[in-house]
Amino acid sequence: MQPSLALQEDQEHLPTLLATDAQELSYQLQQHQAKIFPPQSQKTMRMFSPAEAAAFIGIGEGYLRQIAAEGHGPDPLSNGRRLYAAEDMDRIRKVLDERNGTPKYVPWRRGSEKLQIISVMNFKGGSGKTTTAAHLAQYLALRGYRVLAIDLDPQASLSALFGHQPELDVGENETLYGAIRYEEPRPIADIVRSTYTPNLHLIPGNLELMEFEHETPRAMAAGRAETMFFARIGEVLTEIESFYDVVVIDCPPQLGFLTMSALCAATSILITVHPQMLDVMSMSQFLTMTSELMSVVENAGGRTSYDWMRYLVTRFEPNDGPQSQMTGFMRAIFGNRMLQNAMVKSTAVADAGVTKQTLYEVDRAQFTRGTYDRALDSLNLVNSEIETHLRLTWGRK
Ligand SMILES: Nc1ncnc2c1ncn2[C@@H]1O[C@H](COP(=O)(O)OP(=O)(O)OP(=O)(O)O)[C@@H](O)[C@H]1O
Ligand SMILES: [Mg+2]
């Protein structure tokens, strides 16, 4: 038999084949997800040890013990130990501030302190944007700030991580697209959802966000866009800005209109980078393209100056020679525009991700103590360094 003939007989109609495969995959993946993480199981934050709670509140452990003994903390367990829920930490902050008569432990912005908008970006897929954004948003909320997380990625991994399945739980015009679309946008306040993390709200994402990429060139060509595309996110955020201290935007892995809009809405930028040759080369391209696009946007009146921008090294393996070398290389070039702390690679982060959880949600008993604690220490160092930048921007210590 002629090989070419055999091929022809086996030929399939590719569009049909792909559609069938996609359907089957999607179904099986959902079944699998449902098994390891049933939808009816409510997601929650984990309970925090006294040491962790004291650090989140910003007081010493001894003082926390005293306040808890006065009846402001959670009830002790049968072994006498107290574990703190996020809600307990919030309550104690309020008690402390009432006692002192000044706002200090409740860290909401005051006076002329402005809303800060952090965009987490890089067009390199898998550079750790979503993991960084999710843990940063939760960390800041646990520290008592009022946080809005926005999932700007049509793949919606951040939404899924926060328990909102993009295909099942997010309907039409329920992503940011609903508020920034050119025709009949809806108030952004109607799209915001609360989450199981106190102080943390979410605007979920799903595939409809892609519409913005398609509509923007059309709107621009037709001269329809009342505001330029790059101003739209910033504009809708002003409608709700008084409710929040910090907005964290998880960007998609491409440099389209969504990412450019997030760039222009932002007051600060976090660029995540995995310290490997190919990733760094790809980031270099990203920086060139971003810079060129920003010049165009700048000429049209878009924002191009920021309170701070930092590179964050992600999934760092300190014992990997080439990675350490690459990190040193970047430090030499970027200087203090690199965060001092890097996020280490850890099976705790990866495994928690499989069950759609963060390190602030998974039960630490699930892991080897050392593994979990090393990951958490690294994470808290990164997040608190970012918090320092936020506080400095507000002129706080
Ligand atoms: N510190 C870490 N240790 C181990 N695994 C990690 C770590 N950070 C991220 N990962 C894993 O790497 C993968 C990619 O991370 P993540 O989704 O955060 O990247 P991303 O930049 O948002 O990707 P995309 O470009 O697709 O949006 C995920 O499976 C995540 O669980
Ligand atoms: Mg992502």
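Throughout, residue positions are numbered sequentially from 1 according to the sequence presented. Order of appearance sets the numbers: ligands from 1, and atoms from 1 within every ligand. Note that the structure is a prediction, hence the values are computed from the model and not measured.
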Angle class for the Phe334/Tyr311 ring planes (parallel below 30°, perpendicular above 60°, tilted otherwise)? parallel
Can you label the angle between the Tyr182 ring and the Phe212 ring as parallel, tilted or perpendicular, going by 30° and 60°? parallel
Looking only at protein heavy atoms, which one is nearest to [atom], and how far off is it?
atom                    : result
atom 11 (C) of ligand 1 : Arg315 CD, 4.4 Å
atom 4 (C) of ligand 1  : Ser346 O, 3.1 Å
atom 24 (P) of ligand 1 : Gly126 N, 3.5 Å
atom 18 (O) of ligand 1 : Thr131 OG1, 2.5 Å
atom 31 (O) of ligand 1 : Ala350 CA, 4.1 Å
atom 19 (O) of ligand 1 : Gly128 N, 3.0 Å
atom 27 (O) of ligand 1 : Asp153 OD2, 3.6 Å
atom 25 (O) of ligand 1 : Lys129 NZ, 2.9 Å

Ligand 1 contacted by Gly125 (non-hydrogen, < 4.0 Å): yes
Cationic N near anionic O, under 4.0 Å, [X] to [Y]:
X      : Y      : result
Arg364 : Glu52  : yes
Arg110 : Asp245 : no
Glu385 : Arg310 : no
Glu70  : Arg99  : yes

Pull out every atom of ligand 1 sitting under 4.0 Å from any heavy atom of Pro253, numbered as shown with elements. 25 (O)
For Ser127, atoms of ligand 1 separated by under 4.0 Å from a heavy atom: 19 (O), 20 (P), 21 (O)
If you measure every N/O of Thr130 against every N/O of ligand 1, is any gap under 3.5 Å? yes
Can you check whether a protein heavy atom sits less than 4.0 angstrom from [atom]?
atom                    : value
atom 6 (C) of ligand 1  : yes
atom 9 (C) of ligand 1  : yes
atom 29 (O) of ligand 1 : no

Could you tell me if [Y] and [X] have a donor-acceptor pair between their side chains, going purely by distance under 3.5 Å?
X      : Y      : answer
Tyr372 : Gln366 : no
Arg181 : Asn173 : yes
Asp153 : Gln155 : yes

Under 4.5 Å between side-chain heavy atoms, chaining through other members, with only Ile, Leu, Val, Met, Phe, Trp and Tyr counted: pull out the rest of the cluster around Leu83, sorted by chain and number. Met47, Leu77
Can you sort out the partners of Ser291 under side-chain contact (heavy atoms from CB on, under 4.5 Å), two or more places apart, ordered by chain and number? none
For the Mg ion (ligand 2) the protein N, O or S atom count under 2.8 Å stands at 1
Option from Lys129, Lys124, Met121 for which side-chain contact (heavy atoms from CB on, under 4.5 Å) with Pro253 holds: Lys129
Are Phe286 and Leu312 linked, directly or through intermediate hydrophobic residues, by side-chain heavy-atom contacts shorter than 4.5 Å (ILVMFWY only)? no
Counting heavy atoms only, which of Asp351, Val344, Val349, Val273 comes nearest to atom 1 (N) of ligand 1? Val344
Can you list every pair that meets side-chain hydrogen bond (donor to acceptor under 3.5 Å, both in side chains) and has a residue in residues 250-270, with sequence neighbours left out? Thr130-Asp250
